[in-house]
Amino acid sequence: MEKFIIVHELSFSMTVQNVLKKVEELRDEMVDFMVDMIRIKAVNPAFGGEGEEKRAEFLERKLKEICDEVKRYDAVDKNGLKRPNLVGIIYGENRNRTLWIIGHMDTVPEGDLSLWKHDPYDPVVEDGKVYGRGTLDDGQAIVTSYFAARAILDLGMKPKINVGLVYVSDEEAGSQYGVDYLMDKGLFKRNDLVIVPDGGNEDGSFIEIAEKSSMWLKITTIGKQTHASVPQTGINAHRVAMKYALLVDEFLHGKYGKRNTLFAPPESTFEMTKKDANVGNINTIPGKDVFYFDFRVIPGYSLDDILEDMRRIASLFEEEFGVRIEIEVVSRSDVAPPTEVNSEIVQRLIKALKELRGIEPVPGGIGGGTVAAAFRRIGVPAVVWMTADEVEHQPNEFCRIENLVEDAKVFAYIAMQS
Ligand SMILES: [Zn+2]
């Protein structure tokens, strides 16, 4: 028995060495793939972009080169635009389970072009980095998952279980036409393993297993406009809104003040953020005021309770000041139960990182919002992990070529583990 285990481990480690070497050999191809992909713009239509369709056509061709099965699930958005989602499967020795790696094709826009050193859509390779919009977020996920599979296949081997490469639309605007659209297609099973490379830290030592609930609110306060010299003839909506904002701020921080050290910061956050313009001139008392809240709430609290409290406070203000306060939910994501630290995917990833990098990874939570929540909600354990500098959504976004290679090794390692 012991001899068997030793032989088994020896052959696993030789297999792994071969696969890791193969990934190294694919380095230049990974860079070329990244450059070709980023040249095909895929800005999310919610931000005025062209969408993911062209990029999906490129990726569908690439998937067909290596996968046993490729399926495309096109959602159609409210403007009639096709929002493709690609699912490529490489059969494993055991076909009853799948290691899913999920990347998103859409990007945020480039923002202020004058802040970029190079054209964000004509990637430049410099100092071991590839610069361009979407290289890190989430191009890295697509390239690393694809080449992890390629390395195994190039050696004429099979992964232990199926490897599922899932490239989705619409992550940057809430995933309605992306991963949410895939959830009822019967693809994902409870004993599958899910990795979402869409967030991480610089040495890959952080494994995200939990997210906070999040909610964006639009608060409209209606008073009565008048001349600033005779305020008693109107109702200053701006003043009431500010009082309301400050009271809600203090109240929520007090009542929902528990801490959870899985997260940094460990407490819920309640922030007033955007403010719409009100009157065009200084000598007018505004009759209408609009501002917004961004809430990130730790597990254990309900967003409904919070909304209820805010409505109650609003009605007190309406009575006292004679205004009307409307609370509109702009977006909302209720927390999914965290992935357990001792779940298989977390443990496999920890093992891979110890073995390949000699590091001791730390599982933890973030302020939120990745597609992992959708899997956790249906009871499939999911982790968010990648090796990344914090440059997503910024000008001069880049991904490190070293991280492409090293993260691909981690995925290949996990796919070869029995
Ligand atoms: Zn992302």
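Keep in mind that the numbers below use all heavy atoms, side chains included, and drop hydrogens, waters and symmetry copies. When a ligand or atom number is given, it counts from 1 through the structure's own listing order. Remember, it's a predicted structure, so these values are computed and weren't measured experimentally.
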Does the shortest distance from the Zn ion (ligand 1) to an N/O/S atom of D137 fall below 2.8 Å?
yes
Taking 2.8 Å as the cut-off, does an N/O/S atom of E172 lie below it from the Zn ion (ligand 1)?
no
Quick check for you: with the Zn ion (ligand 1) as the vertex, what angle do NE2 of H104 and OD1 of D198 span, to 10°?
110°
Just wondering, do M157 and E93 contact through their side chains at under 4.5 Å, heavy atoms?
no
With ring centroids as reference points, do F58 and F33 lie under 6.0 angstrom apart?
yes
Does K258 qualify as a cation-pi partner of Y301, given the criterion of NZ or CZ under 6.0 Å from the six-membered ring centre and within 45 degrees of its axis?
yes
Take a 6.0 Å sphere around CZ of R239 and say whether it holds more than 12 heavy atoms from other residues, nucleotides or ligands.
no
